[in-house]
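Taking it in order: structure first as C-alpha cells, then the write-up.
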Amino acid sequence: MATYANIDAFVTKHLLLDLTADFDAKTLRGTAELQFERRDPRATEMVLDTRDLQIWRVESAPPGGAWSDTTFRLDPATPAFGSALRVAVPAGADRIRVTYSSSPAARGLQWLTPAQTAGKKHPFLFSQAQAIHARSFITLQDTPGVRLTYDATVRVPKELVAVMAAEARPGEVGSGVFQFHMPQPIPSYLIALAVGDLTFTPMSERTGVWTEPAMAAAAAREFEDTEKMMKATEALYGPYRWGRYDLLVLPPSFPYGGMENPRVTFATPTVIVGDKSLVALVAHELAHSWSGNLVTNATWTDFWLNEGFTTYLERRIVEVVYGRRLADMERIIGLRDLAQARKDATVAGDRTLLPALSGRDPDDAYSVVPYEQGALFLSFLESKFGRGAFDRFLRRWFDEHEFQSVTTAQFLEFLSKHLLSTKPGVVTDAQIQEWLHSEEVPGSAVMPQSDALEKVEQARDTWLSGGSMDALAKTASAWSTQEWVHFIDSLPRTMDTGKLAAMDQRLKLTDSPNPEIAHVWFRLAIANRYRAAFPAMERYMIAIGRRKLIVPLYRDLAATPDGKKLAAQIYAKAREGYHPVAQGTLDAMLK
Ligand code: BES
Ligand code: ZN
C-alpha cells in the first residue's frame, strides 16, 4: 500500500486546516488538525504520511479538552512514499494538530510566476493531490481507503482569490481570508486548492466556471453544455450528490487534462478550442462524481474501478449529449491509445487491469490501460446483458456503495450476485479472469466502429495515391478535432517532404491553434524530420505542460541522437515552467 498510515489503529474522520499561502517563500504553512476514531484501544502511536514537509510542532487533545505538546518523529524519506510522521497519542486523545510548512518543490503544488499566467499580473498556485501528493502539502492518512470531511481557512494575498473543491462559506471580499466546508466524506486525493486572479462565470443554476478574467467568456461558451451532461448522467446513474458542479480552468502548465476534484473539476485550458470538440473531458470528470468520488478505489491497484468505469460513463454521456458518431470516434481513438500504452509499458503487469504496485509510486504505473481496458470490459458486460439491465446494475452499484471505498473483489462479488446470476452461463468465469489479467484486449470484446473515421481513411488514401490537395482540403474543412487527429495520426511515418510541406501550407498545421491537432502533427513532423515545424513545436512545448501533449514529443525526439540534442535544448528552456510531476517524468527520460 502506498501509505504509512496505521489505519487499523486510527482513522481520521474530520480535518481542520488553517493554511497561509506565502508566494514569496513558495510555501503553504499552518496547521492540520486530525480528528480521529480509535480502532485499536491500545495503540499509542499514529503514523501519518508526509513528503518534504517541515514539521514544527505536534499537539494532542482529549475530547473537548485543551491542547498539549506531544512527541513526534519523522522517518527518513523513501523515493516512492516520502516520510512517515510518527506521533505519540496519549490515551484518551481524539485529535492531533500538526504545525508544518510545505517545501517550495512540493510535488503536489505548483507555484506559478505572473509570467506563467494568462493575465501576467498575479502569481498562481494550484494543488494536484492524486495519487499520493496530498502528503506534500498536508500531514494526513494519504490513502483512498480513508474518507474524511473537512473545514479549511485559507489565507492569501488580498488581491487573490482562493478556491477549494468544497463549499465556500460567505466571507468578506478582498479580505484575503477564505473559508471552506466539505460535508461529504472524501478520500484525501480529492482535497484541492487553487489561488490566483480568479473570476466566476455562472453557466446554469448549479454550474459555472472559474478562470482568469481574460478567459471567462471563451470558457463559459466552451463548457456551456455542462448542465445537459449533468442531467444526462443523473438520468442514467441517479442523483448528483455534491451540490454544485463547477469547472476551474488552470494555466497551461497543469500536467493533466482534468482532475475530478469534488464540486469543481480542475481543467487544462488546452481543451478550449472554440468548437466544444474536446468537452468529452468534462463528461469524463463529471462522471467521476459517481465512479470515483462517490464510489472510490480502495487501493491504487483498484484504479480501474475509478477510471475504467469513468471512461465507459464518459462515452455514454457523450452519446446522449452529442450523439453516437462522436462517442464512437472517441471509442476508436481510445482503442488506439490502449494499444500504444501497452507498447510503451515496461512492466508487464501494467498492461493489465490490475498492476502490481507494491513498493511503487502509483504514478509510475499510470497509463490508459485501466481506462480503456476497463471501459471495454464494461461494454462487454453491457452487450451480454443488454443496455437497460446493465444501466440498472451500474446505478445500483453506485447507490449501494455511495461514499465507500471499494476493491475489485467487492465488485466481482456484486457483479456475480446482481448481474451474472440473472443469465447463468452467458459470461464465464474464465472470461472475467481474462478481462482482469490479460495483457491484450480479450477476444470477447465488442469492438467499436466508426463510419466517420473510416471516411477519413478513405480521404487519406485517395490523397496519398495522387488525389488533389484541393479535394483533401475540401473534405477536411468539415472535420472535427477527432477526424483531424485520426487523419494525421494514420499518415505514414515516412513521407515525401514536398508533400508534407504542401499539406502544411494548405491545411495550416504547424500553426494550428488546436493543441490536440498540433500534437499529432508535431509527432508526424518529428518522424519525418520536417524541420519547418520545429520552431512552432518548441514554442508549444514551452507554453504547455500537460503531460499527455508534451511527453510523447520528447520521447519521439529522444529516439535519435540529433533529436535528443534538440529535446535537451527545448527542455532546458521549458523545465522551469513545468509542474513537478512533469519535471519528474522528463528528468527520468532525458537524464
Ligand atoms: N483522475 C484523472 C487524472 C489523474 C489520474 C491524476 C491519476 C493523477 C493521477 C482524471 O480523471 C483523468 O483521467 N484525466 C484525463 C482526461 C480524461 C478525459 C481521460 C487526463 O488528464 O488526461
Ligand atoms: Zn479520470
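Start at 1 and go down the list; that is how both ligands and their atoms are numbered.
- Near His288, meaning under 4.0 Å from any of its heavy atoms, are these atoms of ligand 1: 11 (O).
- Among protein heavy atoms, atom 13 (O) of ligand 1 sits closest to Tyr371 OH, 2.6 Å.
- Shown in contact with Gln128 at under 4.0 Å from a heavy atom are these atoms of ligand 1, numbered in order with element: 6 (C), 8 (C).
- Close contacts between ligand 1 and Glu260 involve ligand atoms 1 (N), 2 (C), 10 (C), 11 (O) [criterion: under 4.0 Å to a heavy atom].
- The single protein non-hydrogen atom nearest to atom 10 (C) of ligand 1 is Gly258 O, 3.2 Å, given as residue, atom name and distance.
- Protein heavy atom nearest atom 5 (C) of ligand 1, with residue, atom name and distance: Gln130 OE1, 3.4 Å.
- Here is the list of ligand 1 atoms found below 4.0 Å of a heavy atom in Phe303: 5 (C), 7 (C).
- The existence of a salt bridge linking Glu439 and Arg342 is excluded, since no basic side-chain nitrogen approaches an acidic carboxylate oxygen closer than 4.0 Å.
- Ranking the protein heavy atoms by distance from atom 2 (C) of ligand 1 puts Glu307 OE2, 3.3 Å first.
- The minimum distance between the Zn ion (ligand 2) and any N, O or S atom of His284 involves atom NE2.
- Taking backbone and side-chain atoms together, Glu307 has an N/O/S atom less than 2.8 Å away from the Zn ion (ligand 2).
- Atoms of ligand 1 lying under 4.0 Å from any heavy atom of Leu281, numbered from 1 in the order shown and given with element: 16 (C), 18 (C).
- The closest protein non-hydrogen atom to atom 15 (C) of ligand 1 is Glu285 OE2, 4.1 Å.
- If you check which protein heavy atom lies closest to atom 20 (C) of ligand 1, you get Gly257 N, 3.4 Å.
- With ligand atoms numbered from 1 in the order given, ligand 1 contributes 5 (C), 7 (C) to contacts under 4.0 Å with heavy atoms of Tyr366.
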